[in-house]
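Let me begin by presenting the structure, written as structure tokens, before commenting on it.
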Amino acid sequence: MSFILHGIGVTGGIAIGRAQLVSHATLEVAHYAIRPEQVPAEIARLTQAIHAVQKELEGLHGAMTSGDAPAEFGAFLDVHWMILTDPTISETPKRMIAELHCNAEWALTQQMAVLVEQFDTIEDPYLRERKADVVQVVERVLKVLLGKPGALRASSAEEQTILVAHDLSPADVIQFKTHHFAAFLTDLGGVTSHTAIVARSLNVPAVVATHNARALIRENELLIVDGAKNVVIVNPDRSVLAEYRLKQGEFEIERKKLKRLKTTRPTTLDGLEIELFANIELPDDLTQALENGATGVGLFRSEFLFLNRQGLPSEDEQFEAYRQVAAGMDGRPVTVRTFDLGADKHKEGLDGLSRVAPNPALGLRAIRFCLAEPKLFITQLRAILRASQYGNINILVPMLVSAAEIDQTLVMIARAKDSLREQGVPFDAGIKVGGMIEIPAAVLGIGTFIRRLDFLSIGTNDLIQYTLAVDRADEAVSHLYDPLHPAVLRLIAMAIDTANKANVPIAVCGEMAGDLRLTRMLLGMGLRHFSMHPAHLLEVKQRVLGSDAAALRPMVNRMRRSDDPERVAELLDRLND
């Protein structure tokens, strides 16, 4: 029987292949009593299972040494290792076995339920989502206890395999790099989940949040995964299958054509030179950026050096990461954003972030946290400055809102420079400093930024969130997150206009920069610097090459003046015809 499942497409493209189901071990756990004399053996069985999973994680770490795995995998594995070795997972179930005379599987799932309930009470959405990591670690131990290890069947050249799971841990998905799965789909997940992050890193079609895929799909059933249209077609009929095979072929042809644009300069039909830079999170991301023709790094999210690890990165470790990227870009610009910790990016062990803030998005985050922790901030600034002699590095400061914050930041940078001079350490004394426009107040007070800073970058993700008072990670209100809201468009246009009149470079580095629907609109607003995920660079370049910026302005001006969202959408469609 053929049917369709709907979900969230986190990566585009089309995949056709046979389903491989991944066991959902927590649904298969029985509860039975054991005799007192069996307690030591049952505890030993749990201990052996935990050790077996530790070895699995070690093996997966070893498999990454070739450098083929996306950089995010190592961080995810570190998180799972810490959860596995935490006493609440490794010791508390053993006490339950001894006290309740129960089997190891049941004790482990009961403790997992307690921990998940505790996570559900946390207000911070990022921390609340970490309950999925606990469940994934417990799943892995349960598979060993139940004799169902998580090995995955490899795809063959003749037949592609599509993974179907309730949820996938990063440790499971690491095997993608050797098994070459065509796609994967899960019951759970969202646009910011681990599954989505991994899918984008691998550039593999994926649909998450299907809710019932694992229960409804059977082993080896034929599937079509359409990441662009957010659908999964199960057991398609011949006509649908033929149609999608044709679409798949066309998609591959278009992707190969885009590769030819790698060395082409992004110039509009009316002769304007446009800069297309890449957003990266770790040094390993540089490879994909260069493969897709990035002419600079417009946003190096340095906070990812701090996350998903034990302890803090030293000055030398940070320096090496920044130096590696600067050298790799061979003189092309690299903009390092000072760490944006807080809100959805939490780091254990930092005093200011060890508490659960009442409203993290409005609390001690980004530059506010940096200025509250000057020692930590100076360490990062010294590392960035030391790396500046190896390339063309700029410093970008997130979430600025006032002249006082800008002035304090510049004082901190001056102190870092003085400390390096005293030690005779070379650096670029003329390094440029820019600020992010992420808060409506920053747009309204943009004159302050222009007078004090060398360049600006609009972080549209937060600007939209703060303008519309919408948490895009909250499913209940995420449908209200609208980059085409008239207020959002006016703020972005105002920032671009003001910066251009003052001859101060301004970029867009949020998701809007890589959204192909919005490329012409942003060109018509006067934007000349885009920074985006490397996967979007070539398709945006193609759109730039086919656009006349001057001819776009009249219609874009009409969009800016309109208060009707439907009218804005209509004009956008006409812009992209």
Side-chain angles (χ1 to χ4, degrees), residues 2-22 70 72 155 159-168 170 172-173 176-177 179-214 216-217 221-236 240-259 288 292 472 475 478-479 481 483 511-512 514-519 532-540 542-543:
S2 179
F3 59 94
I4 296 175
L5 295 171
H6 296 270
I8 299 172
V10 294
T11 48
I14 295 169
I16 301 172
R18 295 285 174 180
Q20 180 180 172
L21 306 186
V22 176
E72 291 91 344
S155 289
E159 189 172 84
Q160 294 295 301
T161 302
I162 295 173
L163 254 65
V164 183
H166 181 66
D167 196 14
L168 284 174
D172 288 330
V173 182
F176 267 54
K177 74 170 187 152
H179 289 66
H180 304 293
F181 294 103
F184 60 91
L185 55 117
T186 60
D187 294 340
L188 305 182
V191 292
T192 59
S193 66
H194 285 338
T195 307
I197 293 170
V198 170
R200 285 190 287 268
S201 297
L202 292 165
N203 203 22
V204 173
V207 177
V208 302
T210 59
H211 300 296
N212 297 307
R214 178 62 180 79
L216 295 175
I217 296 173
E221 283 190 309
L222 185 63
L223 306 178
I224 296 173
V225 177
D226 188 336
K229 293 190 175 179
N230 309 328
V231 298
V232 179
I233 305 173
V234 184
N235 292 323
V240 172
L241 183 60
E243 179 185 351
Y244 266 93
R245 288 200 188 281
L246 182 62
K247 287 182 179 180
Q248 189 181 41
E250 292 171 348
F251 181 81
E252 290 302 320
I253 290 171
E254 288 302 313
R255 190 151 62 177
K256 288 179 181 177
K257 285 182 179 177
L258 284 176
K259 288 291 184 183
Q288 188 183 9
N292 286 283
R472 61 198 173 106
E475 292 182 3
S478 60
H479 63 285
Y481 182 89
E511 291 297 316
M512 286 180 68
D515 189 335
L516 197 62
R517 299 177 310 140
L518 307 180
T519 302
M532 66 199 74
H533 189 283
H536 302 311
L537 282 164
L538 292 176
E539 61 181 5
V540 170
Q542 185 180 51
R543 181 60 56 89

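Just so we're clear, the structure is a prediction, and the values are computed from it rather than from any experiment.
You'll find the side chain of Q288 reaches within 4.5 Å of the side chain of H533, heavy atoms only. Inter-residue side-chain proximity for I217 and L185 is flagged as met; some heavy-atom pair is nearer than 4.5 Å.
Pairs engaging residues 224-236 under the side-chain hydrogen bond (donor to acceptor under 3.5 Å, both in side chains) rule: E221-N235, D226-Y244 [sequence neighbours left out].
Legend: residues meeting salt bridge (Lys or Arg N to Asp or Glu O under 4.0 Å) with K247, ordered by chain and number and at least two apart, are E243. Listed by chain and number, the residues in a side chain to side chain contact (heavy atoms under 4.5 Å, CB included) with N212 are L216 (sequence neighbours excluded). For the side chain to side chain donor-acceptor pair (under 3.5 Å) test, residues two or more places apart in sequence or in another chain that qualify with E539 are H536. Annotation: salt bridge (Lys or Arg N to Asp or Glu O under 4.0 Å) contacts of R255 (sequence neighbours excluded): E252. Taking the side chain to side chain contact (heavy atoms under 4.5 Å, CB included) definition, one finds that L241 meets it with I16, L222, I224, P236, R245, sequence neighbours left out.
The CG atom of L516 sits 4.0 Å away from the CZ atom of R543 when rounded to the nearest 0.5 Å. Taken to the nearest 0.5 Å, the CG atom of L537 stands 13.0 Å off from the CD atom of Q542.
Closest of all the heavy-atom pairs between L223 and A19 is CD1-CB, 3.6 Å. Residues I14 and Q248 share a closest heavy-atom pair of O-NE2, 3.2 Å. The heavy-atom pair separating P205 from A183 by the smallest distance is O-CB, 3.0 Å. Here the closest heavy-atom approach between residue V204 and residue A182 is recorded as CG1-O, 3.4 Å. Residues G17 and I162 share a closest heavy-atom pair of N-CD1, 3.5 Å. In plain terms, the two heavy atoms of V208 and L188 that are nearest each other are CB-O, 3.5 Å.
For the pair T210 (side chain) and H6 (backbone), a donor-acceptor distance under 3.5 Å is absent.
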